Protein chains: 2
Amino acid sequence: MDLVDNPDLPYNVFAKACPSRGTLEHVTGRWGALTLGALSEGSLRFNELRRRVDGVSEKMLSQTLQALERDGLVHRDAQPTNPPRVDYELTPLGHEVAGRLLGLIHFVEGRMDEVLAARERYDTARGGR
Amino acid sequence: MDLVDNPDLPYNVFAKACPSRGTLEHVTGRWGALTLGALSEGSLRFNELRRRVDGVSEKMLSQTLQALERDGLVHRDAQPTNPPRVDYELTPLGHEVAGRLLGLIHFVEGRMDEVLAARERYDTARGGR
DNA sequence: CGGGATCCCTGCTGATACTG
DNA sequence: CAGTATCAGCAGGGATCCCG
């Protein structure tokens, strides 16, 4: 019947007030998706992540990591050494999410030629404006 | 070897300048994901979509639809009748993307209890601030 | 190295109004 | 109904500085 809403579930992203919408945004957000994707290979330190996710600012990375940690998708392992060393890794739940995300990412990457072709068609069709 | 980057592919979302990052953002963006999800059941008219995607403004919906149409994920079928009737539906490519997206959405919805529990733990742990 | 605190600005977003 | 246009706000996001 309904492929989109599942009546058995108490949560529904399509409803404005549902908390699942917030989590979905953390996960699929601009930096959330890339952060989870980067961590799916294994644990990374803060600046390793920063280099991996090309373009993130320190602020946004730290903010993103906090949101993901709070949602139980990322585990933060801080060692009180000097210099400090902090490793981030996915939780089991985070791994499942990242797997699906990565599937989507790879799919999009693999079909970019089609997307780019569609864009050209769209743009030339109403090229003048 | 590398589960994240695929060296055989010319596109890589982790690179700042890659066009695939833009498309990924259209797809996973706040309204893009919900719009694709809503359309996965079948074609919908503008205001049907607007009701379905709770909280979206006319402007953002129309903007989102244009981006998705340009990327070749959504097909726009406008009938020059009066009153006008416009139907939106997924392209085959859009269906594949929406399928993966929906998998992710359902997964998140299904695990919200865990997420919410993680949040409580996180908040009480550093509850004072 | 790993962030927290600040400042500042852009552009996303949401109302409102108007057209066909 | 299906949008486009315009406008005002506020927060998202970047740059910078600083501390442990």
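No experiment lies behind these values; they were computed from the predicted model shown. So you know, we letter chains A, B, ... as the sequences are listed, proteins then strands, and number each from 1.
What you find for Val97(A) and Phe107(B) is that their closest heavy atoms are CG2-CE2, 3.5 Å.
Applying the salt bridge (charged side-chain N to carboxylate O under 4.0 Å, His left out) criterion to Arg30(A), with sequence neighbours excluded, gives Glu25(B). Shown here are the salt bridge (charged side-chain N to carboxylate O under 4.0 Å, His left out) partners of Arg70(B), two or more places apart in sequence or in another chain: Asp123(A). For Arg119(A), the side chain to side chain donor-acceptor pair (under 3.5 Å) test picks out Thr23(B), Asp71(B), with sequence neighbours left out. Checked against side-chain contact (heavy atoms from CB on, under 4.5 Å), Ala98(A) has the following partners two or more places apart in sequence or in another chain: Leu36(A), Ser40(A), Leu90(A). The side chain to side chain donor-acceptor pair (under 3.5 Å) test applied to Asp113(B) returns Tyr11(A), not counting sequence neighbours.
Atom CG of Leu61(A) is separated from atom P of dC1(C) by 14 Å (rounded to the nearest Å). In this structure, Asn82(A) places its CG atom 14 Å from P of dG3(C), rounding to the nearest Å. The CZ-C1' distance, from Phe46(A) to dG20(D), rounds to 15 Å in whole Å. Rounded to whole angstrom, the span from the CD atom of Gln79(B) across to the P atom of dG3(D) amounts to 12 Å. Taking atom CZ on Arg85(B) and atom P on dC1(D), their separation rounds to 12 Å, with Å as the unit. In this structure, Leu49(B) places its CG atom 12 Å from C1' of dA2(D), rounding to the nearest Å. Rounded to an integer number of Å, the gap from Leu44(A) CG to dG3(C) P is 13 Å. In this entry the distance linking CG of Asn47(B) with P of dC1(D) reads 5 Å, nearest Å.
Listed pair Ser62(B) / dA2(D) fails the phosphate criterion, with no side-chain N or O lying under 4.0 Å from OP1 or OP2. Residue Tyr88(B) places at least one side-chain N or O closer than 4.0 Å to OP1 or OP2 of dG3(D). At least one side-chain nitrogen or oxygen of Arg45(A) sits closer than 4.0 Å to the OP1 or OP2 atom of dG2(C).
Note on the helix from dC1(C)-dG20(D) to dG20(C)-dC1(D): angle between the axes of the first and last five pairs equals 50°, rounded to 10 degrees.
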Distance-only donor-acceptor pairs under 3.5 Å for side chains of residues 53-68 of chain A, two or more places apart:
from	atom 1	to	atom 2	distance (Å)
Asp54(A)	OD2	Lys16(B)	N	2.9
Ser57(A)	OG	Met60(A)	N	3.2
Thr64(A)	OG1	Met60(A)	O	2.7

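Contacts with DNA chain C (heavy atom under 4.0 Å) in residues 65-78 of chain A: Gln66(A), Arg76(A), listed by number.
Within the structure, salt bridge (Lys or Arg N to Asp or Glu O under 4.0 Å) pairs that include any residue of residues 88-99 of chain B comprise Arg111(A)-Glu96(B) (at least two apart or interchain). Among pairs with a residue in residues 73-85 of chain B, those fulfilling salt bridge (Lys or Arg N to Asp or Glu O under 4.0 Å) read Arg85(B)-Asp87(B), at least two apart in sequence or across chains.
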Within the sub-3.5 Å range, which N or O atoms of nucleotides 12-18 of chain D have a protein N or O partner, and how far apart are they?
from	atom 1	to	atom 2	distance (Å)
dG13(D)	N7	Lys59(A)	NZ	2.8
dG13(D)	O6	Lys59(A)	NZ	3.1
dG14(D)	OP2	Ser57(A)	OG	3.2
dG14(D)	O6	Lys59(A)	NZ	2.4

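Relative to the six-membered ring of Phe14(B), Arg52(A) meets both conditions, a distance below 6.0 Å and an angle of at most 45° to the axis.
Proximity of a side-chain donor or acceptor of Ser20(B) to a complementary backbone N or O of Glu109(A) within less than 3.5 Å is not detected.
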